[in-house]
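Taking it in order: structure first as structure tokens, then the write-up.
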Amino acid sequence: METISRTIRHDEVLGLEAFCLQGYAQPFPRHFHDYYVLGFVVSGERKLLCNGLNLQVFPGNLLIFNPRENHECVSTSRAPFLHYLGFNILKKRMEEISIVKRQV
């Protein structure tokens, strides 16, 4: 059995939160966030249900969840232990970094 670890770091300068989940086999029940989530699957496989779509998630996949987007996932028996890297970005911060300013 793998050791479960969760590391979360908040960066004031960038205005985002970075996290790492490792060794997770348990399901993540249906939930949503009030912020954007960008995640990268390092290892493990999951069955993901997001907005009514059933998806398979594999290592190398990049996931993007919009604020308030319902999602849930369970591990597969083939590769049950999840290693996942992600960023949580507040909606206001995403707007700030996405604005293209015109140069005069």
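Since this is a predicted model, take the numbers as computed values, not measurements. Side-chain atoms are counted along with the backbone in the values below, which use heavy atoms only and exclude waters and symmetry mates.
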Decide whether I97 and L16 are clustered together by the hydrophobic rule: side chain heavy atoms of Ile, Leu, Val, Met, Phe, Trp, Tyr closer than 4.5 Å, transitively.
-> yes

Run the ring-centre check on Y84 versus F19 and record whether the distance is less than 6.0 Å.
-> yes

Pairwise side-chain contact, D34 with P67, heavy-atom cut-off 4.5 Å (strictly under) = no

Taken to the nearest 0.5 Å, the spacing of E95 CD from K92 NZ works out to 9.0 Å

Could you pull out the closest heavy-atom pair between G44 and P59, with the gap in Å?
-> O-CD, 3.3 Å

Could you state the interatomic distance from CZ (R30) to SG (C50), rounded to the nearest 0.5 Å?
-> 10.0 Å

Identify whether I8 and L21 are in the same connected component of the hydrophobic contact network (ILVMFWY, side-chain heavy atoms under 4.5 Å).
-> yes

Are L90 and L63 connected, step by step, through hydrophobic side chains (Ile, Leu, Val, Met, Phe, Trp, Tyr) whose heavy atoms are closer than 4.5 Å?
-> yes

Distance-minimising heavy-atom pair for Q56 and T76 | NE2-CG2, 3.9 Å

Rounded distance [0.5 Å steps], CG in L38 versus CD1 in I64 | 5.0 Å

Results of side-chain hydrogen bond (donor to acceptor under 3.5 Å, both in side chains) for E12 - residues two or more places apart only | H10

Go through the steps for E69 and N51 under the test side chain to side chain contact (heavy atoms under 4.5 Å, CB included), then give the verdict.
-> CA-CA 7 Å; E69 202 165 52; N51 290 334; 2.9 Å; yes

In this structure, are over 12 heavy atoms from other groups packed under 6.0 Å from Y36 atom OH?
-> yes

Between L48 and E72, which heavy-atom pair has the shortest distance, and what is it?
-> CD1-O, 3.3 Å

Given V41, V57, V42, the one that forms side-chain contact (heavy atoms from CB on, under 4.5 Å) with L82 = V41

Partner residues of H71 under the ring-ring contact (aromatic ring centres under 6.0 Å, His included) criterion, sequence neighbours left out = H31, H33, F65

Decide yes or no on side chain to side chain contact (heavy atoms under 4.5 Å, CB included) for Q22 and I4, but give the supporting numbers first.
-> CA-CA 6 Å; Q22 200 163 6; I4 296 173; over 6 Å; no

Check Y35 against I89 and note the closest heavy-atom contact, atom names and distance.
-> CB-O, 3.3 Å

Atom pair CZ (F58) and OG (S43), whose distance is rounded to the nearest 0.5 Å | 13.5 Å

Identify the two heavy atoms, one from R93 and one from G15, that lie closest to each other, and give their separation to 0.1 Å.
-> CG-O, 3.4 Å

Over all heavy atoms of both residues, which pair between A25 and S75 is shortest? Give the atoms and the distance, please.
-> O-OG, 3.0 Å

Could you state whether F28 and L53 fall into the same hydrophobic cluster, counting links through intermediate Ile, Leu, Val, Met, Phe, Trp or Tyr residues with side-chain heavy atoms under 4.5 angstrom apart?
-> yes

